[in-house]
Amino acid sequence: MTVAASDAAPSSVLERDHLDLVRSFETFIRRELAPLANDLPETRDIPPADLRTYVRKRSAALGFYAGEYPEELGGSDMPLTAVVELHHAAGRSGCSLAPYALGGSDGPSPLLRHGTDEQIARYLVPLVRGELVRCFALTEPQAGSDAFRLAAVATRDADGWVLNGRKTFVSNADRADIALVVTATDLGDGRATGSTAFVVPMDRPGLRIGQRYEGMSGEPMFELLLDNVRIGPEAVIGGEHGIGAATALAIDSLSRGRLIVAAQCNGIAEHALRLGLEYARERTAFGERIGGYQHIQEHLVSSHAEVESSKLLTLASARLLDSGMEAPQNAALAKLTASQTALRVVDRSLQIHGATGWVRGHPLEFLYRHVRMMTIIEGTSEVQKVIVAKSLGLY
Ligand SMILES: Cc1cc2nc3c(=O)[nH]c(=O)nc-3n(C[C@H](O)[C@H](O)[C@H](O)COP(=O)(O)OP(=O)(O)OC[C@H]3O[C@@H](n4cnc5c(N)ncnc54)[C@H](O)[C@@H]3O)c2cc1C
């Protein structure tokens, strides 16, 4: 029996469970999103905010957006494996609007799953439905990877909390309705206790957007300034139990976040590989198709091998997590591998395109800039290596 190369790929073994879901998501991309994306100027990196809002809400109505959240909160109760496959399909499609159809850094946050009933009803449910946008403010000038050595501080008083400090590199702050802000905790009686996460409406007096940082691929990030921001006790995520417990609340979602970034990277890598293959089959040089030259084959075969290996690692790690086996080193290994693979594959495919791929507006020119963040966000590559090294007993 002869089968199509993509159906015979080793990773297809782990993709079978959610084939129907992925197919219907791909149909949504092809029928509804691709025509809208085709109308955008080629040199525009990021789709306009109103279009992103439309995509988010439409996808939520169809049950794709934030699919991992329970049905009673407006989600679709999907296992992580299904969510990973959707992120992969979004990247693989090459449609610039597809990633916005799935919850990202502006969507529902797993931190809010630990919220009080009121926080879940007021914030998490509208986030799952795509009706609210949030940002997440953790990083500070002196606290990046070492994220819990925070200088921003929340001080308790008789009415609740007063927040002061400076947060940097906050994505989506310009269009967010709420900020999830993590600070050090001063209990007001001279005692300090760990870090605490708060949900703060963006229009709260004292909360202000400062500097704007232009990202390589067009998505801006912002400084968030907290100047005596007063909030009530109900703003602590998780209520009384959440005081000083931000690390504990976040820990169970770290692996999920990393596997989703890994899936996004695999999708980007597969898209870049397809572009490289198509070009290599058509472009001629010295009277031959360039795909016939071994140096070009080396780029493509190495990329294919690395993408397949990375997909298998990501999908297998997601399966293990779905089956209840939480091993942080698996997600770290998958994210490390997928992000570095995506960087290499995009680079090679651009090389295969020569000057054509380097021109502003070409998909590979955008991906080359866009993919660079992937070894920095959700824990840098070095931090993933620290996690894996620990699991190997090297600390
Ligand atoms: C596109 C993008 C979006 C972002 N969005 C947000 C956001 O919405 N909210 C937010 O709070 N933050 C956000 N960030 C910030 C991001 O979380 C941090 O950049 C990240 O945690 C790394 O911190 P840092 O940049 O300060 O680097 P540092 O932590 O200062 O690291 C510098 C270098 O040292 C290495 N290093 C650090 N510790 C170790 C170690 N123990 N062993 C070996 N090497 C080490 C790092 O890997 C890196 O190479 C975003 C960043 C980017 C690029």
Side-chain angles (χ1 to χ4, degrees), residues 45-46 91 99-100 103-112 127 132-152 154 163 165-184 195-200 202 207 209-226 237 246-247 249-251 253-254 257-258 260-262 264-265 268 328-329 331-332 335-336 339-340 342-343 366-392 394-395:
D45 284 346
I46 305 295
Y100 300 99
S105 64
D106 59 354
S109 164
L111 256 184
L112 282 168
L127 279 166
L132 281 188
V133 169
R134 59 100 186 173
C135 64
F136 178 61
L138 172 64
T139 306
E140 297 183 1
Q142 300 306 323
S145 304
D146 193 3
F148 291 96
R149 204 177 292 268
L150 300 174
L163 273 50
R166 185 177 157 218
K167 297 290 182 180
T168 47
F169 305 134
V170 180
S171 306
N172 316 309
D174 58 335
R175 54 195 184 91
D177 303 292
I178 54 168
L180 307 184
V181 182
V182 185
T183 67
S195 47
T196 303
F198 297 89
V199 53
V200 185
M202 287 299 283
L207 183 68
I209 293 178
Q211 189 183 340
R212 176 184 166 110
Y213 311 92
E214 293 298 339
M216 277 172 80
S217 55
E219 185 85 56
M221 296 176 291
F222 299 87
E223 182 184 37
L224 209 59
L225 301 166
L226 306 156
I237 296 180
T247 315
L249 298 188
I251 215 91
S253 55
L254 285 178
R258 285 175 182 153
I260 286 173
V261 172
Q264 292 165 348
C265 291
I268 290 171
Q329 65 272 24
K335 198 261 172 180
L336 173 69
S339 56
Q340 297 191 334
L343 253 68
F366 171 72
L367 288 181
Y368 189 79
R369 291 181 284 115
H370 179 64
V371 78
R372 193 61 193 82
M373 70 161 124
M374 297 301 188
T375 58
I376 301 172
I377 60 170
E378 292 283 330
T380 64
S381 288
E382 291 77 7
V383 166
Q384 310 305 333
K385 285 178 187 171
V386 169
I387 295 166
V388 176
K390 278 185 183 161
S391 76
L392 296 174
L394 295 172
Y395 271 76

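Indexing begins at 1, ligand by ligand and atom by atom, following the structure's order. Side-chain atoms are counted along with the backbone in the values below, which use heavy atoms only and exclude waters and symmetry mates. Here the structure is a predicted model, which is why all the values come from computation and not from measurement. Numbers here are sequence positions counted from 1.
The closest donor-acceptor contact from the side chain of E223 to the backbone of G210 lies at 3.5 Å or more, if one exists at all. Between the side chain of R134 and the backbone N or O of G107 there is at least one donor-acceptor pair closer than 3.5 Å. Here the side chain of K335 pairs no donor or acceptor atom with the backbone of G257 at under 3.5 angstrom.
Protein heavy atom nearest atom 40 (C) of ligand 1, with residue, atom name and distance: V386 CG2, 4.2 Å. Here the protein heavy atom with the shortest distance to atom 19 (O) of ligand 1 is I376 CG2, 3.8 Å. Here the heavy atom of the protein found nearest to atom 46 (C) of ligand 1 is T380 OG1, 3.7 Å. The protein atom (non-hydrogen) at minimum distance from atom 8 (O) of ligand 1 is S171 N, 3.0 Å. Closest protein heavy atom to atom 39 (C) of ligand 1: V383 CG2, 4.7 Å.
Proximity of L224 to I209: side-chain heavy atoms (C-beta onward) are separated by under 4.5 Å at one or more points. In this structure, the side chains of I178 and L127 come closer than 4.5 Å at one or more pairs of heavy atoms. Side-chain contact check for V261 versus M374: some heavy-atom pair is nearer than 4.5 Å. Using a 4.5 Å heavy-atom cutoff, the side chains of K167 and L150 are in contact.
Counting heavy-atom neighbours within 6.0 Å of Q142 CD, excluding the residue itself, gives a total of 12 or less. More than 12 non-hydrogen atoms from other residues, nucleotides or ligands lie less than 6.0 angstrom from CZ of R175. The local environment of OH in Y368 is sparse, with at most 12 non-hydrogen atoms from other residues, nucleotides or ligands closer than 6.0 Å. Summarising the local packing, CZ of R372 is surrounded by 12 or fewer heavy atoms from other residues, nucleotides or ligands at distances under 6.0 Å.
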One pair to check against side chain to side chain contact (heavy atoms under 4.5 Å, CB included): T375 and Q340. What are the steps and the verdict?
CA-CA 7 Å; T375 58; Q340 297 191 334; 4.1 Å; yes
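Between D146 and ligand 1, no pair of N/O atoms sits closer than 3.5 Å. By the 3.5 Å distance cut-off applied to N or O atoms, E382 is counted among the residues near ligand 1. Where the criterion is an N or O separation shorter than 3.5 Å, residue side chain and backbone included, A137 fails it with respect to ligand 1. Checked by distance only, ligand 1 and V170 stay at 3.5 Å or farther apart across all their nitrogen or oxygen atoms. Considering backbone and side-chain atoms alike, M221 places every N or O at 3.5 Å or more from each N or O of ligand 1.
Of all atoms in ligand 1, listed by their number and element, those nearer than 4.0 Å to a heavy atom of F136 are 7 (C), 8 (O), 9 (N), 10 (C), 11 (O). Within ligand 1, the atoms closer than 4.0 Å to a non-hydrogen atom of L138 are 11 (O), numbered from 1 in the order shown. In the vicinity of M373, heavy-atom distances shorter than 4.0 Å reach the ligand 1 atoms 1 (C). In summary, the atoms of ligand 1 found under 4.0 Å from a heavy atom of G144, numbered by their order in the structure, are 21 (O), 23 (O), 24 (P), 26 (O), 29 (O).
Counting only heavy atoms, the protein gets under 4.0 Å from atom 28 (P) of ligand 1. For atom 32 (C) of ligand 1, no protein non-hydrogen atom is found at a distance below 4.0 Å. Using a 4.0 Å threshold on non-hydrogen atoms, atom 11 (O) of ligand 1 counts as touching the protein. Shown here, atom 37 (C) of ligand 1 is in close reach of the protein: a heavy atom of it lies under 4.0 Å off. Distance check for atom 21 (O) of ligand 1: a protein heavy atom is found below 4.0 Å.
Counting heavy atoms only, F169 comes closest to atom 50 (C) of ligand 1 of the residues F169, F222, Y213.
Contact annotation: for T139 versus ligand 1, heavy atoms closer than 4.0 Å belong to both the backbone and the side chain. Only the side chain of I377 comes within 4.0 Å of ligand 1, counting heavy atoms alone; its backbone N, CA, C and O stay farther away.
Shortest non-hydrogen contact noted between L343 and V371 is CD1-O, 3.2 Å.
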